[in-house]
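To start, the structure itself, in structure tokens.
Since we're looking at a predicted model, the values are computed, not measured. Any value given below was found using the heavy atoms of this structure, including those in side chains, with hydrogens, waters and symmetry copies removed.
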Amino acid sequence: KLEAEGHRFFPSPSLLALVQDKLEQKQVFLAQGLPTSRFAALPAEIYAVAPDLRGCGQSDKPEHGYAIEEQAEDLAQSLGGHLVTIDDAAEQTFLFSRFGGSQPLWIGLNDAATENTFVWADGTPVSYTNWATASGYPTTTTDPNYYDYAVLHTDSQWYNYDYHFTARAGIMEVAGDADSDLDGTP
């Protein structure tokens, strides 16, 4: 439904449906003792842009049409994931090429608990960053209403310039299936 409404996913739901169909065919062949080739692994993650929440009872700022960071994270968790954790430059490049450029997007990096101690929403240790350091980011303040949540900006760098209740889209990440040999173990 979200894809039909124009929201972007990778891999696309139609590709995932095709993969699921092929997987079911292979399982039938294997159950019958018929030879079949190895099944290629799905990506380790499935990415999606958090949808427009206007009119869904999800956003306390419906005039903006998108979720504040905490609502975007709640939505991602309800789907079994989190706002995206960006582990390295390759993932950063992929995400920006797939989703970036037209608007700033929430990512899962924040210092809401302790000022200037950034953590990923899924608990992954921070090992890679892409802050717009030449522009003075990340920004810190003692005001509890500003600068805790990071965005992937339209220039592909990270900023934390928003008021806490700024509503925008975000990139969600949900773990994919890594059982590439169909033995039931990832």
What is the distance from atom OG1 of T141 to atom CG of N116, rounded to the nearest 0.5 Å?
11.5 Å
Just so I know, are the side chains of I107 and V151 near enough to count as touching, which here means a heavy-atom distance under 4.5 Å?
no
The test is side-chain hydrogen bond (donor to acceptor under 3.5 Å, both in side chains); show your working for T85 and D122 and say whether it passes.
CA-CA 7 Å; T85 295; D122 71 355; 3.0 Å; yes
Determine whether W120 and V126 make a side-chain contact, defined as any pair of heavy atoms from C-beta on separated by less than 4.5 Å.
yes
Spatial distance of atom CG (L105) from atom CZ (R168) [nearest 0.5 Å]:
8.0 Å
Can the ring centroids of F118 and W131 be said to lie less than 6.0 angstrom from one another?
yes
Please answer whether the main-chain N or O of S156 pairs with a side-chain N or O of N130 as donor and acceptor at a distance below 3.5 Å.
yes
Rounded to the nearest 0.5 Å, the OG1 atom of T124 sits from the NE2 atom of H82 at a distance of 8.5 Å
Quick one: pull up CH2 in W158 and NE2 in H153 and give me the separation to the nearest 0.5 Å.
15.0 Å
Measure the shortest side-chain to side-chain distance between L152 and P104 over non-hydrogen atoms and say whether it is less than 4.5 angstrom.
no
Is the shortest side-chain heavy-atom distance between T133 and Q157 below 4.5 Å?
no
Report yes or no: does S97 contribute a side-chain atom to a donor-acceptor pair with the main-chain N or O of T93 at less than 3.5 Å?
yes
Heavy atoms of A169 and Q103 approach each other most closely as CB-NE2, 4.1 Å
What pair of heavy atoms forms the shortest contact from N160 to Y137, and how long is it?
OD1-CD2, 3.3 Å
Which pair of heavy atoms, one from A112 and one from Y149, lies closest together, and at what distance?
CB-OH, 3.6 Å
Side-chain heavy atoms nearer than 4.5 Å, only ILVMFWY residues, links allowed to pass through others: does that put V119 and Y147 together?
no
About how many Å separate CE of M172 and CG of L83, when rounded to the nearest 0.5 Å?
8.0 Å
Let me confirm one number: the CD-CD1 distance from E91 to I86, rounded to the nearest 0.5 Å.
6.5 Å
Report yes if some heavy atom in the side chain of W106 is under 4.5 Å from a heavy atom in the side chain of E73; otherwise report no.
no
Minimum heavy-atom distance between G101 and F96, given as atom pair plus value:
N-CE1, 3.4 Å
Indicate the atoms forming the closest heavy-atom contact of E115 with D148, along with that distance.
OE1-OD1, 3.4 Å
